[in-house]
A.B. asks: 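Below you will find the structure I want to go over with you.
Proteins come first, then strands; the chains are lettered A, B, ... in the order of their sequence lines, and each starts at number 1. No hydrogens, no waters, no symmetry mates; every other heavy atom, side chains included, goes into these values.
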Amino acid sequence: MLNISGIHEGYVLDHIKAGMSMKIYDYLKLGDLEGCTVAIIMNAKSNKMGAKDIIKIECPIDAIDLDILGYIDHNITVNIIRDDEIVDKKRLSLPKEIKNVIKCKNPRCITSIEQELDQVFFLADPDREIYRCRYCEEKYSGK
Amino acid sequence: MRHLMSPMDFSVEELDKLMDLAADIEANPDRYSSICQGKKLATCFYEPSTRTRLSFEAAMLNLGGSVLGFSSADSSSAAKGESVSDTIRVISSYADICAMRHPKEGAPLVASNHSGIPVINAGDGGHQHPTQTLTDLYTIRSLRGSLSNLTIGLCGDLKFGRTVHSLINALVRYPNINYVLISPDELRVPSYIRDDTLKAAGAPFKEVERLEDAIGELDILYMTRVQRERFFNEEDYLRMKDFYVLNKDKMELAKDDMLVLHPLPRVNEISVEVDSDPRAAYFTQAKKGVYIRMALIVTLLGLEGSIC
């Protein structure tokens with residue numbers, strides 16, 4: 001059994017679909033967090049999921065914008081740790097707006113020629129989890 | 001400050017008010033002939049357009065205002081690589097209102113986010129062309145007296161035609177409208193219009209392939225062009241194109257008070273012999289477009305109260 005020590009303050013992201021952890025690492029820009037320790041556990045055994053990934057992040061608890069996790073997979077469990085204890089479990093929901101995480105692929109969109117523009121998507125259909133580009137309203141299909 | 005990016009930016013009540021104003025302007029042009037005196041409209045057209053630009057310019061001139069602008073990206077600072085947001089910041093200090101056409105979708109929205117003056121989307125690629133939809137709505141209301149209780153046939157390229165999508169989106173907010181969607185199978189209305197707009201609104205509609213099969217039941221026939229480049233093979237195009245040429249023979253099957261509309265330019269989908277038919281309303285429609293743009297300029301500049 002692989003052992004990774006507990007964390008004093010930060011997050012444990014549990015029930016990540018196996019294989020998705022590196023993508024989440026990139027989305028949350030965890031590589032840019034200075035002085036923070038990140039442990040990624042891949043293909044851990046899970047009674048519920050068969051296999052899952054887990055990410056442990058030792059960081060101040062206001063250091064990460066977790067809204068984007070709701071977009072990636074709202075089944076992820078977010079445990080918030082303070083003083084070595086789980087103090088909260090956050091429920092995820094689909095964010096109404098996503099900024100600078102995904103890019104519009106429509107070649108006719110203004111963002112295709114003006115690259116300094118923020119890439120903004122809004123939640124057009126919560127039931128079908130459809131996001132559309134704020135500028136051209138093209139559906140994002142690359143999730 | 002208010003902008004116009006999509007026809008859905010206005011509620012039904014606001015649209016009614018706008019069309020009431022357009023009707024008053026049409027009936028009493030002299031009362032409005034100097035309401036925009038001292039005001040300037042910038043027409044920022046990054047791609048060529050004849051009707052839309054001239055319609056906007058005519059609208060502002062009719063209101064006593066003046067116009068300035070450019071009519072292609074080559075003759076603007078965009079050719080030097082200036083961003084839309086920088087251009088609109090500068091234009092904001094030259095003019096009081098801006099009409100923008102741009103080949104890239106969403107460009108007018110970017111402009112509105114950085115503008116100090118109202119921005120009107122005058123067409124952004126295949127995305128939105130709200131003043132065409134306002135023109136269509138105003139023409140129907142003006143010539144029929146109401147935007148409800150009618151059967152409208154939309155004919156031609158219903159897959160790629162943005163004017164059709166936009167018109168359906170705007171019309172589903174009005175009661176008792178039947179839709180007859182007339183197109184070849186290859187150019188049927190996309191599922192997001194069929195399911196997310198028509199079905200979601202509970203609007204009755206049917207899809208047919210032959211214009212002759214439907215024309216007799218229509219109050220409005222909205223024609224669009226079937227474009228050769230949309231077909232995978234020439235044979236299909238040749239088979240379909242004559243289905244959608246509106247001529248005298250087909251007009252004989254139509255009701256006496258049916259109206260024929262077309263966003264123009266017309267190529268060959270409406271035979272010139274139909275032009276003299278009193279039911280041909282497409283040139284009137286272009287004229288109505290000036291009045292609704294006048295009403296829009298007056299509204300966005302907040303000048304509605306200036307007329308006593």
A.B. asks: Is there a side-chain contact between A/Glu137 and B/Leu109 (heavy atoms, below 4.5 Å)?
C.D. replies: no

A.B. asks: How close do A/Glu116 and B/Ser83 get, heavy atom to heavy atom, and via which atoms?
C.D. replies: OE2-CB, 3.8 Å

A.B. asks: If we only count heavy atoms from C-beta on, is the A/Glu114 to B/Lys104 side-chain gap below 4.5 Å?
C.D. replies: no

A.B. asks: Measuring from atom CG of A/Leu117 to atom CG of B/Asn113, what distance do you get when rounded to the nearest 0.5 angstrom?
C.D. replies: 9.0 Å

A.B. asks: Measuring heavy-atom distances to chain B, does A/Thr111 have an atom under 4.5 Å in its side chain, in its backbone, in both, or in neither?
C.D. replies: neither

A.B. asks: For A/Phe122, does the CZ atom sit with more than 12 other heavy atoms under 6.0 Å from it, leaving out its own atoms?
C.D. replies: yes

A.B. asks: Measure the CD1-CG distance between A/Ile110 and B/Asp124 for me, rounded to the nearest 0.5 Å.
C.D. replies: 9.5 Å

A.B. asks: Between A/Asn106 and B/His127, is the side-chain contact (heavy atoms from CB on, under 4.5 Å) condition met? List the steps.
C.D. replies: CA-CA 11 Å; A/Asn106 175 7; B/His127 182 217; over 6 Å; no

A.B. asks: Heavy-atom distances under 4.5 Å only: say whether B/Pro108 touches chain A with side chain, backbone, both or neither.
C.D. replies: neither

A.B. asks: Evaluate whether atom CZ of B/Arg89 has more than 12 neighbouring non-hydrogen atoms of other residues, nucleotides or ligands under 6.0 angstrom away.
C.D. replies: yes

